[in-house]
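Note that ligands are numbered from 1 as they come in the structure, with each ligand's atoms numbered from 1 the same way. Just so it is clear, the values below take in all heavy atoms, side chains as well, and ignore hydrogens, waters and symmetry mates.
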Amino acid sequence: MTSYPRWTLRTEHTSYTVRLSPDGPWAELDAWGPLGVEDGPSALDWSHRTHFVTPADAAPAEYLPYGLRPFTGSELVAARPGQDRGSWWDFDSAEEGEGSLRLTFTDDVLGLRTVLCYETVPGTDVILRWTELTSTQELRLERLDSAAVNIPVTGAARLTYLTGQWSQEFWRTQLDLSRGTFTMGSLQGAPGHGYAPWLAVQDGEAEAAYGIALEWSGNWHITAEAEPGGSVRVRAGRVPHEGVVHLTPGDTLTTPRLACAFSPDGLDGLSRVWHRYERHLAGERLNRPRKVLYNSWEATGFDVDAAGQLELAKLAADIGAELFVVDDGWFTGRGDDTGGLGDWYPDPAAFPQGFGPFVEDIRALGLDFGLWVEPEAVSPTSRLYAEHPEWVYRIEGRPARLVRNQLLLDLGRTDVQDFVIGTLDRLLGAYDISYLKWDMNRPPTERGRPGHGPADLDAEHVAGYLRVLDHLRAAHPDVTVEGCAGGGGRIEHATIARTDVVWPSDNTAPLDRLSVQHGFLHAHAPHVMSSWVTDAPGILDPRPRSLAFRFVNAICGVLGIGADLRAWTPQERAEAAEWIARYKRVRDVVHRGEARLLGTPDDSTCGVQYDLDDRTVVAALGTGRLDGAPLLPGRPDRLRLRDLEPAAHYRDTATGTTYSGAHLLHYGLPFAWSAGHDAELVVLIRQ
Ligand code: DGJ
């Protein structure tokens, strides 16, 4: 039997083996799974018999152009201007490095060189994949995916994805795909609220879970195709806004990276692979404690002035908040959402003594100071727009539509990037600001740049956005950055690598928030999940839950307070102070430990278990089902913990109760919920 070159990449616990195909000039998957899975005949081997399709159409190919793969979905569609589409290439070379692989294919007719790139991420089970395209001739690229992944299945593939809309982001949704295509994505110049650029695939009920996540802040798609013959092939990449990207001779186009992850331990295990990866992305910044924030948006809206903010800040400081963030409404012309954006100067009417003294007053309370900005946005009534109408996306001769009464700056332009950098540098230089919340509240609608030839506007905007974020990190390393886009509209790994926390959703109502966070934690780590305690009932979800529930829910990530503390009773404030103090004692476990998702929001108890060294913290949330106890016979609800040592003993620091690991694994922690008691934060110490 002829053997074909194979290359294996190894992560902490997984291996990924690629080989040259026996059927043609392409790379295909040989094996992906736990370490050693490559020892044996490939589970992706197939009969090599085709009818009406070509072998390339049936192969578990890693990346194929239209042309070579004509029928069943390709990753690359290339053509010379005015010529027929398609690429037919030959294998050129392989370059293997420490944890990396580059496979090069060349098409001499198009002058196209395509390099499939692989890189393992140290200390994680993530393999990054992307593609580099270089040509000697001008080419039109109609599709330029990052990679395809292949997953063998014995029946229907179980797809798990995170979907919703504004205020309902990240709802975990599943479907069983036996045949056909499932596609999700966004054309909103951002990942969007509709779908997270993340997908998990399992072979039906099987535990083993494969995941992908696209590192791209612009337009994207992920497409899963259940193929005949027991395989699912998933293609992912950016979607060019103009329908085509022009590749200039000599230039190299690098696609966004696709992070690929595997866990034998189901979606919960897979979530830990992603958490670890995001801790890796945070690097040294993970060790900074995430401060307890107070944000005044829900309390004061656009009604921002020094006296009102200081009143809130005093109350926040009294209950133990460490950081005060003034949200939208602090700058000139921003009495409501019809004006102000672009003119980033504090409103002298709101801060009559000056903004500097106001910031000092906040700091005198022992609080750090944070500020909201929306750097890409501009109000049509602003001075900025009057001075630079050409900085806005527009199409000559067409009306510019307003979304939330605002327009969007073309951040792909260097002069716009420089303006944004200059604005942020000015604000951060003039005032003692430790925290910046970067918001973005409208997608590009009439997206054009009149007077310029064909441009890759989506990629240029992404590059501008990342350039400004990189500048913030380099020039203001002590400033914590929160990423936000009208809630969770722009959350993916490029943003997460350059911010400290992200805002998953504007919906802070307790039970809705539980669903948002449950989905979010499948893809993202607790240390990036900003979460506020707000007033009850919520604006969007009036189902009542206790203050304890709202705190425990927010403690599952990075705790903030967004309520109008002026309306809270002294008892509520005292309870809040206690919760904040408890959070401070466990936040290192929540942010740096291993998180395990226990149950779902559809269960009567849903929780998260966090483990770090000898401490286990369990956030348990009663979702509402009561069994009539104590008036009727009944037993407490239970949450079974995971991965403890059966023979070890664990002491509940609040009650002194000691449990064996075996007990906690087998029976679980008891929770006797009642109408008024719907959440607990349990801290266990291993003895
Ligand atoms: C949308 C954000 O998601 C909110 O938190 C708030 O900052 C508003 N924008 C302010 O306009």
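For Phe358 and Phe351, the ring centers sit closer than 6.0 Å to each other.
Under a 4.0 Å N-O distance rule, the pair Arg447/Asp410 does not qualify as a salt bridge.
The 12-atom threshold is exceeded at CD of Glu387, counting heavy atoms of other residues, nucleotides or ligands nearer than 6.0 Å.
Contact annotation: the side chain of Lys584 approaches that of Glu322 to within less than 4.5 Å [non-hydrogen atoms, C-beta and beyond].
Of the possible donor and acceptor atoms, one in the side chain of Asp500 sits under 3.5 Å from a partner among the backbone N and O of Val481.
Nearest heavy-atom pair across Cys484 and Trp503 is SG-CD1, 3.6 Å.
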Between ligand 1 and the protein, find all N/O pairs closer than 3.5 Å and give the distance for each.
unit_1: ligand 1; atom_1: 3 (O); unit_2: Gly487; atom_2: N; d: 2.9
unit_1: ligand 1; atom_1: 3 (O); unit_2: Asp506; atom_2: OD1; d: 2.4
unit_1: ligand 1; atom_1: 3 (O); unit_2: Asp506; atom_2: OD2; d: 3.1
unit_1: ligand 1; atom_1: 5 (O); unit_2: Lys437; atom_2: NZ; d: 2.8
unit_1: ligand 1; atom_1: 5 (O); unit_2: Asp506; atom_2: OD1; d: 3.4
unit_1: ligand 1; atom_1: 7 (O); unit_2: Asp327; atom_2: OD1; d: 2.6
unit_1: ligand 1; atom_1: 7 (O); unit_2: Asp327; atom_2: OD2; d: 3.3
unit_1: ligand 1; atom_1: 7 (O); unit_2: Trp372; atom_2: NE1; d: 3.1
unit_1: ligand 1; atom_1: 7 (O); unit_2: Lys437; atom_2: NZ; d: 3.1
unit_1: ligand 1; atom_1: 7 (O); unit_2: Asp439; atom_2: OD2; d: 3.3
unit_1: ligand 1; atom_1: 9 (N); unit_2: Asp439; atom_2: OD2; d: 2.7
unit_1: ligand 1; atom_1: 11 (O); unit_2: Asp328; atom_2: OD2; d: 2.6
unit_1: ligand 1; atom_1: 11 (O); unit_2: Arg404; atom_2: NH1; d: 2.9
unit_1: ligand 1; atom_1: 11 (O); unit_2: Arg404; atom_2: NH2; d: 3.0

